[in-house]
Amino acid sequence: MAAVAGLQLSAPVHGHGHGQVVLSSAKSTLFMATPLTFPLSTPSGRASFSRKQPVVFARRLSGLEEAMRIKRLRESQVTTKVRRTVPLRRGRVSPKLPVPDDIPRPPYAATSILPEIASDYQFPGSEGIAAMRAACELAARVLDNAGKLVRPSVTTNEIDKAVHQMIIDAGAYPSPLGYGGFPKSVCTSVNECMCHGIPDSRQLQDGDIINIDVTVYLNGYHGDTSKTFLCGEVSDSMQRLVKVTEECLERGIAVCKDGASFKKIGKRISEHAEKFGYGVVERFVGHGVGTVFHSEPLILHHRNDQSGSMVEGQTFTIEPILTMGSIECVTWPDNWTTLTADGSPAAQFEHTILITRTGAEILTTC
């Protein structure tokens, strides 16, 4: 979903939310971004990341000076620039929509059990890459059309219905549907919702921002992408958050190529986010994608010491989430909808990419 917002789809771990890929002590997957609650291990068995590491590291000033500068900037943005909106409340969730019997389904669709994150990296090969391009192009096209529906008074449930119909009309399956019990065909995350929002009867309001996370399963391959859209007249501060988040994704992709270290992605994203005083969410990460919805490698979007390097022919997502305030989160009882702990706005963008010898090809374009 984006599904792992972020691995979760990043799908949430039972009791902790879903969507991007989320990791729990059981190492379960989510469908958008993936929350991390324990050190990640490398193939050698050594822990490569600890949540106890500071989120911000000094670059030009001393560590304390730089941290205090960023803290003051972020506090200033939250207290003086953010137009407070009515806190999100759960609307009515309608029954999941049917999928024609002749459309192939991913293995998890037959059960509500949340799949494990596959340990193998995904290398589709020449035929697989052609199939992935088709799946990713469809996901991008559906996302683009879904974004055109965003306006005040439209419900997220209406967006879900439209996305569902576009996907099945193309002979594909909406990957989030049934993933670990997720009841809808797309994730819609509004304002302070970081990721994995379940479409419901809530109407979009003038000034909202909404992330729409689309993943399709076509001819045996998943294509995963998301974007944050503006609804009506959005404040300058919220527009800036959305713009910088997209720029962070672009900068993360720019460092990717055969032989590049994975940790460069988080470093580049963090450097750009810090310039504007934004927090980079650690709990949800990117993930390998292909025939399997969520797999290794897990892509950390914040500064980290993750080992390992990219290899030509590999496919995975990058899906940073930025916030104006706290990077901590709370998850609703639905076990999916994950919000910022302090109610500050959050934005996310996601692409599926293919590593090449000299760079990275963005597959989720149309």
Side-chain angles (χ1 to χ4, degrees), residues 1-10 20-21 29 31-34 40-44 48 104 106-107 115-141 172 175 214-226 249-269 285-301 304 306-320 349-366:
M1 350 159 233
V4 208
L7 249 173
Q8 276 175 207
L9 292 138
S10 276
Q20 295 165 290
V21 175
T29 352
F31 80 92
M32 273 181 199
T34 300
L40 296 175
S41 297
T42 66
S44 65
S48 60
E116 292 289 321
I117 296 172
S119 59
D120 294 334
Y121 290 19
Q122 301 195 59
F123 294 88
S126 58
E127 291 186 6
I129 289 173
M132 277 204 73
R133 284 198 179 102
C136 289
E137 188 275 337
L138 173 60
R141 183 154 40 88
S175 301
V214 173
T215 311
V216 307
Y217 182 70
L218 178 67
N219 297 326
Y221 287 85
H222 296 274
D224 191 1
T225 185
S226 85
L249 172 60
E250 294 168 350
R251 282 162 171 73
I253 293 173
V255 301
C256 295
K257 66 178 181 178
D258 180 52
S261 61
F262 288 113
K263 64 185 179 183
K264 284 186 176 181
I265 297 173
K267 180 176 184 293
R268 184 62 62 86
I269 289 172
V285 304
H287 54 94
V289 64
T291 56
V292 177
F293 198 167
H294 301 110
S295 77
E296 297 282 354
L298 302 183
I299 306 302
L300 309 183
H301 304 116
N304 65 87
Q306 181 181 18
S307 64
S309 300
M310 304 167 209
V311 178
E312 183 178 1
Q314 188 175 39
T315 51
F316 56 82
T317 71
I318 302 177
E319 43 191 308
F349 283 80
E350 173 186 17
H351 274 309
T352 294
I353 65 171
L354 166 69
I355 298 302
T356 68
R357 184 176 60 83
T358 58
E361 177 185 347
I362 299 174
L363 300 179
T364 40
T365 59
C366 61

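- Ring-plane geometry between Y217 and H222 is classed as tilted, the angle between the planes lying from 30 to 60 degrees on a 0 to 90 degree scale.
- Taking 4.0 Å as the cut-off between side-chain N and carboxylate O, R141 and E137 count as a salt-bridged pair.
- Interatomic distance, OH of Y221 versus OG1 of T315, reported as 8.5 Å (0.5 Å rounding).
- Counting heavy atoms from C-beta outward, I318 and I269 have side chains that approach closer than 4.5 Å.
- Nearest heavy atoms, A135 versus V216: O-CG2, 3.2 Å.
- In this structure, the side chains of I265 and C256 come closer than 4.5 Å at one or more pairs of heavy atoms.
- Of all heavy-atom pairs spanning P124 and G313, the tightest one is CD-O, 3.3 Å.
- Here the CE atom belonging to M132 is positioned 9.0 Å from the OG1 atom belonging to T364, to the nearest 0.5 angstrom.
- Here the closest non-hydrogen pair linking E312 and D258 is N-OD1, 2.9 Å.
- Put simply, CD1 on I355 and CZ on F316 are 3.5 Å apart, with the number rounded to the nearest 0.5 Å.
- Contact detail for R251 and R268: the closest heavy-atom pair is O-CG, 3.3 Å.
- Between L363 and R133 the shortest side-chain heavy-atom distance falls below 4.5 Å.
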Under the criterion side-chain contact (heavy atoms from CB on, under 4.5 Å), I'd like the reasoning laid out for Y121 against V311: C-alpha separation, chi angles, the key distance, then a yes or no. CA-CA 10 Å; Y121 290 19; V311 178; over 6 Å; no

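- Atom CG of L354 and atom CD1 of I362 lie 11.5 Å apart (nearest 0.5 Å).
- D224 CG to E350 CD: the interatomic distance, rounded to the nearest 0.5 Å, is 3.5 Å.
- Taking the side chain as every heavy atom from C-beta outward, F262 and I299 approach each other to under 4.5 Å.
- For the pair Q122 (side chain) and V292 (backbone), a donor-acceptor distance under 3.5 Å is present.
- Once rounded to the nearest 0.5 Å, the distance linking NE2 of H351 with OG1 of T317 reads 11.5 Å.
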